[in-house]
Amino acid sequence: MFTSAISSARTNLKVLIVDDDALMGEFLCLQLESFGCRPEAAESGAQALEILKNGEVHLLISDWQMPGMDGMELVAEARKLTSADKHLHIAMMTARGEEEVMRAAMEAGVDDFLFKPLQTVELGLVIASAARNRLLHHRLKRRNSQLAMEHRRASEALERVQADLRAATALHERLLPGFNTCGALRLSHLYRPAALLGGDSIGASPLREEGLLFFLVDVRGHGVPAALDSFHLHHRIKQLRPTSAADLGVAMATINREICDRADDSYATVACGLIFPDDGEGWVVCAGHPPPLLMIDGSVSQISGGRAMPVGWFDDTTYEPERFAFPRGARFVTYSDGITEAMNASGEQFGEQRLERALVASASTPLSQFAASLSDDLRSHLPTQTFEDDISMLAIEHSRTESND
């Protein structure tokens, strides 16, 4: 098939012969016509350049020694006129044995040589070579055009995906608590996804009973699947809206069964709880989640109760909320293991002790300062400022005076 295509290409080959000997030009034209080419003759380099400027030429055959512009100069000028999207095959006529001339000609841009006296078989080989190279050039040009089109389509598709991801990221960030006070409670959070979309979600919702529903979800994995699961769990917890300790256990068991019923490898760790400032107490369930921290009068302790398996592991898991005292001035912190397990270049984790020290150090400052200080501590621990896991933290304070906001 390729040989047939070359034969077909010969019949469309436009050839320009440049020789100051008119008889030689006519002879070559007759020879080229016998090969099925479309020849045209020029008697000088200047005339040849005009023809090259005004029309497409596929094969240029030029004599080396000519008065005025010689073959070398013509080749150099012809190469300047040839655009990148066109192919010009150049053959030079010279005497055999002129190696220096041939070397200089190749440097100037010559592809083939015809030795005097001309042999028909050599002329046929040059024509076949020109036709083959022209065909390959056309195929390469067509392939490049197809690749450019596919690249454009891929770039447009990538831009659409990136736009969707940016929209999803903005939507996910809108799930974060949009308020920092709830009656006598103050709230502050820290959220740094490891990728554009994270699998963590922080939620807080005021209750009619003068309380607060809060939760922190850490879904297995990263990217779009994790973000979708996180988004779903966020809204599912708010939809179930537990308002008592008993409701809290039922809600977690319901979510656990729903994930198990999907029969896939999804699961999540969840810290979910309720705080009632008027009663000075709170309740929390930690489904595979790190134990929250509680600071009262500058002393920090872990709430180790209320712990159970992550949601999505075992469908018969039960969840028993743990009560904790939450007097005025107390601070409660729940966080993802992306904080404590953040590892620096030396393989050292941030750890629970650093987190506790940061909480103690913030005791005399506004709650919002704790999130900012913790963020600075993490950046100091990780000089590259890159996180292997999502970073999320929710801090709640029972203020000493109730807000009017």
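The shown structure was predicted, so the numbers you read here are calculated from the model rather than taken from an experiment.
- Taking all atoms of both residues into account, the shortest heavy-atom contact from G45 to L74 is O-CD1, 3.7 Å.
- A distance-only check finds a donor-acceptor pair linking the side chain of S244 to the backbone of D247 [under 3.5 Å].
- Looking only at atom types and distance, the side chain of T120 has a donor-acceptor partner in the side chain of Q31 under 3.5 Å away.
- Shown here are the side-chain hydrogen bond (donor to acceptor under 3.5 Å, both in side chains) partners of D377, two or more places apart in sequence or in another chain: there are none.
- In this structure, the side chain of R354 engages the main chain of Q349 through a donor-acceptor pair within 3.5 Å.
- Atom-to-atom distance recorded for M393:CE and R192:CZ is 9.5 Å, nearest 0.5 angstrom.
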*Could you walk me through whether T340 and F350 pass the side-chain contact (heavy atoms from CB on, under 4.5 Å) check?*
CA-CA 5 Å; T340 53; F350 187 79; 5.5 Å; no
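- Here T94 contributes atom OG1 and D63 contributes atom CG; the two are 8.0 Å apart, rounded to the nearest 0.5 Å.
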In a table with atom names and distances, give each donor-acceptor pair under 3.5 Å that connects a side chain of residues 297-317 to protein atoms at least two apart or in another chain.
{"residue": "Q302", "atom": "NE2", "partner": "E352", "partner atom": "OE1", "Å": "3.0"}
{"residue": "R307", "atom": "NH2", "partner": "H289", "partner atom": "O", "Å": "2.9"}
{"residue": "T317", "atom": "OG1", "partner": "F314", "partner atom": "O", "Å": "3.0"}

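- Atoms CG and CG, from L13 and L32 in turn, are 8.5 Å apart once rounded to the nearest 0.5 Å.
- Of the residues listed (F332, W283, F179), the one engaging F214 in a ring pair (Phe, Tyr, Trp, His ring centres under 6.0 Å) is F332, and it is the only one.
- E159 pairs by the salt bridge (Lys or Arg N to Asp or Glu O under 4.0 Å) definition with R166, not counting sequence neighbours.
- H137 is linked by a ring pair (Phe, Tyr, Trp, His ring centres under 6.0 Å) to H87, counting only residues two or more places apart in sequence or in another chain.
- Applying the salt bridge (charged side-chain N to carboxylate O under 4.0 Å, His left out) test to every pair with at least one member in residues 218-235, sequence neighbours left out, gives these pairs: R220-D265, D229-R262.
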Name the atoms and distances for all side-chain donor-acceptor pairs under 3.5 Å in residues 101-115, with sequence neighbours left out.
{"residue": "D111", "atom": "OD2", "partner": "R79", "partner atom": "NH2", "Å": "2.8"}
{"residue": "D111", "atom": "OD2", "partner": "I90", "partner atom": "N", "Å": "2.9"}
{"residue": "D112", "atom": "OD2", "partner": "H89", "partner atom": "NE2", "Å": "2.9"}
{"residue": "D112", "atom": "OD2", "partner": "S129", "partner atom": "OG", "Å": "3.4"}

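- Between F326 and H398, the ring planes are parallel. Angles under 30° get that label, and only those over 60° would be called perpendicular.
- In plain terms, the two heavy atoms of C37 and V15 that are nearest each other are CB-CG2, 3.9 Å.
- Scored by the salt bridge (Lys or Arg N to Asp or Glu O under 4.0 Å) test, E281 finds R323 as partners (sequence neighbours excluded).
- Minimum interatomic distance between M252 and C272 (heavy atoms only, all atoms of both residues): SD-CB, 3.9 Å.
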*For V219 and L233, what are the C-alpha separation, side-chain angles and deciding distance, and is it a side-chain contact (heavy atoms from CB on, under 4.5 Å)?*
CA-CA 9 Å; V219 172; L233 287 177; 4.0 Å; yes
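- Evaluation of the side chain to side chain donor-acceptor pair (under 3.5 Å) test over residues 141-155, restricted to residues two or more places apart or in two chains, returns E150-R153.
- The backbone N or O of T365 lies less than 3.5 Å from no partner atom in the side chain of Q369, so there is not a single donor-acceptor pair.
- Although no hydrogens or angles enter the test, the distance criterion places no donor-acceptor pair under 3.5 Å between the side chain of S375 and the main chain of A371.
- Remark: C29 SG to L16 CG distance equals 9.0 Å, nearest 0.5 Å.
- Y267 meets the side-chain hydrogen bond (donor to acceptor under 3.5 Å, both in side chains) test with no other residue; sequence neighbours excluded.
- The shortest non-hydrogen separation linking G211 to C182 is O-SG, 4.1 Å.
- Shortest non-hydrogen contact noted between L274 and T243 is CD1-C, 3.6 Å.
- For S373 and D376, the side-chain atoms include no donor-acceptor pair closer than 3.5 Å.
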_One pair to check against side-chain contact (heavy atoms from CB on, under 4.5 Å): I61 and M93. What are the steps and the verdict?_
CA-CA 7 Å; I61 300 176; M93 294 182 291; 4.0 Å; yes
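- Residue pairs meeting the salt bridge (charged side-chain N to carboxylate O under 4.0 Å, His left out) criterion with at least one member in residues 331-343, sequence neighbours excluded, are R331-E397.
- Residues P277 and I275 approach most closely at CD-O, 3.6 Å, considering heavy atoms.
- Other residues, nucleotides and ligands contribute more than 12 heavy atoms inside 6.0 Å of the CD atom of E156.
- Formation of a donor-acceptor pair under 3.5 Å by the D390 side chain with backbone atoms of G199 is found in this model.
- Counted by atom type alone, S336 and S392 present one or more donor-acceptor pairs between their side chains at under 3.5 Å.
- Separating the CD1 atom in I339 from the CG atom in D389 is a distance of 10.0 Å, to the nearest 0.5 Å.
- A salt bridge links E40 with K14: the distance from a Lys NZ or Arg NE/NH1/NH2 to an Asp or Glu carboxylate oxygen falls below 4.0 Å.
- In this structure, the separation between CG on L185 and CZ on F276 is 10.5 Å, given to the nearest 0.5 Å.
- Annotation: salt bridge (Lys or Arg N to Asp or Glu O under 4.0 Å) contacts of E77 (sequence neighbours excluded): K80.
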*Check the pair L190, L394 against side-chain contact (heavy atoms from CB on, under 4.5 Å), reporting the backbone distance first and the verdict last.*
CA-CA 7 Å; L190 175 63; L394 175 64; over 6 Å; no
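- Remark: side-chain polar atoms of Y335 are not paired, donor with acceptor, to backbone N or O of A395 under 3.5 angstrom.
- Under the rule for a side-chain hydrogen bond (donor to acceptor under 3.5 Å, both in side chains), the partners of S205 that lie at least two apart in sequence or sit in another chain are R241.
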